[in-house]
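To keep things clear, I will list the structure first and then write my remarks on it.
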Amino acid sequence: MIVIEDLRKSYGERVALDGVSLTVPKGQLFAYLGPNGAGKSTTIRILTGLTKRSGGRASLDGCDIEADALAARRRSGLVPQQTNLDNDLSVGENLDIHGRLFDMRRGERQDRIAEVLAYVELADRRDQTVRTLSGGMKRRVMIARALMHRPAILFLDEPTAGLDAQIRRRIWALIKRIRQDGTTIFLTTHHIEEAEFLAERVAFLDQGRIVVIDSPANLINRVGAWAVDVLGEEDMETEYFATRAEADHGIRGRDGSVTIRRVNLEDAFLAMTGRKV
Amino acid sequence: MRPLLAVYLREMLLLRRRFWRVCLGMSVSPVLYVIAFGYALGAGSPVGGLRYLDFLIPGLVAMSSMTQAYGVSSEINIARFYAHIFEEFQAAPLTNLSFVTGEVMAGITRAGLSTVLIVAIGAAFGVTMHCGPLFWVAVVLNAFVFASLAVWSAMVVKSHADQALLANFVITPMAFLGGTFFPLERLPGWSQRILDLVPLTHAARAIRAEALGGAAAASDYALLVVLGAAAFFIALRSVDAARE
């Protein structure tokens, strides 16, 4: 369980997080959605001990992230946005060092390395140098590494950034499987479809503040079921309707190129923040 | 203990991967110094009744163990600013004590390796040193001081460029003025008093005395212990600065 209360972070004059409060129940897959610079990574960095908070409180499974920092870190696993594997070491060595950092015994480490590599379908890559892996494989190794010490909470910071659509789907399937195994997942993304496909609850974050927290379906329903995009000469206007019939009625007599489509999370974000993700 | 060893083991695995490259890198400067200063410049200038080369090689041990121990700052910087592996340490239940100790041990190991290489280079040039226990104690203490300073500097700098600047202003002057290439007695009294505050001066003195079969002053060891402890303490306090 993750509890965040009035979390704040400033870098000099710049406010990165402006009083964020939320709770993620045990076992939930929670997505943190917002544009670049909204404060998503800052939140994860604070929760995982990479950055100090300026104010507020947070705890992971009841352990305060600063007063009880080591216990909090034992309960969490992190897959950061940037690849941070030792390129000159093998996949197995990277995982072994992680296991040692989390005080795992030798036998336990060896068994777990085999287990997590099988889990991410990279069992045959154990002795391969990380440098020789593809981007998607490296990301899966990072997920395997974060799972090594069996964390109760997994932080995924933009886990599919820079990956092609096929690899992204594979990572999504993996994340779903981790969630089904009972791990609480806190995911940041600016891929709308990622949050929509994976998350049970979504927070919209804008300029360091949470705008709304709800399930993807409820957030979409707040806006409507159908969207009509009308492409004018200079910009595109979008209107939302509760039913298809209303949407059909709404486009009658409109000039320009008109498209009717289902409302998605991006529409919800745009409607609630006035900006795109 | 395991988290501490994880930090050390990672550095050792990387060292093993690049072993021959590292050894070559550690050997180039000493060989050039031996040729340039030992033969070309100092061939006809005995120091205190010694051949200049016999004076120079122990000084090179002090200098090289200092620079190699301080070299862990570059490894940490690469891990921190480029490869982002440092985040793996920050997110782990790793105490500051374990992190600093692991990195300092890595610095001491690098210094030990460079010392072995210089002893071998010295032997190749006809200089035989007495490498008794107190010789190695002096090398380890010297490396302890500078590896601790390296961790501190790697934690407080904001970029790799800052780190290089710090090395240029602190390590390079020390390398040339800390009793490596010439006896400090040849300098004016005021500069001798300043250089007496520099850890490398005491390390060079102790290493040279032991290498030449004499006995080093206990005060040199004591000062290195005090400076090393102070640097280690500062390094411990600086780790949290990198979380900003």
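All chains are named by letter (A, B, ...) in the order of the sequence lines, taking the proteins before the strands, and each is independently numbered beginning at 1.
- By a heavy-atom distance cut of under 4.5 Å, A:Arg45, A:Thr48, A:Gly49, A:Leu50, A:Thr51, A:Lys52 are the residues of residues 44-55 of chain A near chain B, going up by number.
- Contacts between A:Asn87 and chain B at a heavy-atom distance below 4.5 Å are absent for every atom of the residue.
- Contacts with chain B were tallied for A:Glu93, A:Arg73, A:Lys9; A:Arg73 has the most, counting heavy-atom pairs under 4.5 Å.
- By the 4.0 Å N-to-carboxylate-O rule, A:Asp103 lies close enough to B:Arg2 to be salt-bridged with it.
- In this structure, CG on A:Asp88 lies 12.5 Å from CZ on B:Arg16, to the nearest 0.5 angstrom.
- Separation of atoms CZ (A:Arg100) and CG (B:Leu9) is listed at 4.5 Å; rounding is to 0.5 Å.
- For A:Leu101, the parts lying near chain B are the backbone and the side chain together; criterion is any non-hydrogen pair under 4.5 Å.
- Residues of residues 135-155 of chain B lying under 4.5 angstrom from chain A, judged on non-hydrogen atoms, do not exist.
- Summarising the local packing, CZ of B:Arg237 is surrounded by 12 or fewer heavy atoms from other residues, nucleotides or ligands at distances under 6.0 Å.
- Taking a 6.0 Å sphere around CZ of A:Arg57, one finds it holds 12 or fewer heavy atoms contributed by other residues, nucleotides or ligands.
- Using a 4.5 Å cut-off between non-hydrogen atoms, the part of residues 69-106 of chain B that approaches chain A consists of B:Ala83, B:His84, B:Ile85, B:Glu87, B:Glu88, B:Phe89, B:Gln90, B:Ala91, B:Ala92, B:Pro93, B:Leu94, B:Thr95.
- Contacts with chain B (heavy atom to heavy atom, under 4.5 Å) involve these residues of residues 105-128 of chain A, listed by number: A:Arg105, A:Arg109.
- Proximity to chain A is limited to the side chain of B:Arg17, based on heavy atoms less than 4.5 angstrom apart.
- At most 12 non-hydrogen atoms from other residues, nucleotides or ligands lie less than 6.0 angstrom from CZ of B:Phe233.
- Of the listed residues (A:Arg145, A:His149, A:Arg74), the one with the most heavy-atom contacts under 4.5 Å to chain B is A:Arg145.
- Looking at heavy atoms from C-beta onward, A:Asp86 lies out of side-chain contact with B:Leu13 at the 4.5 angstrom threshold.
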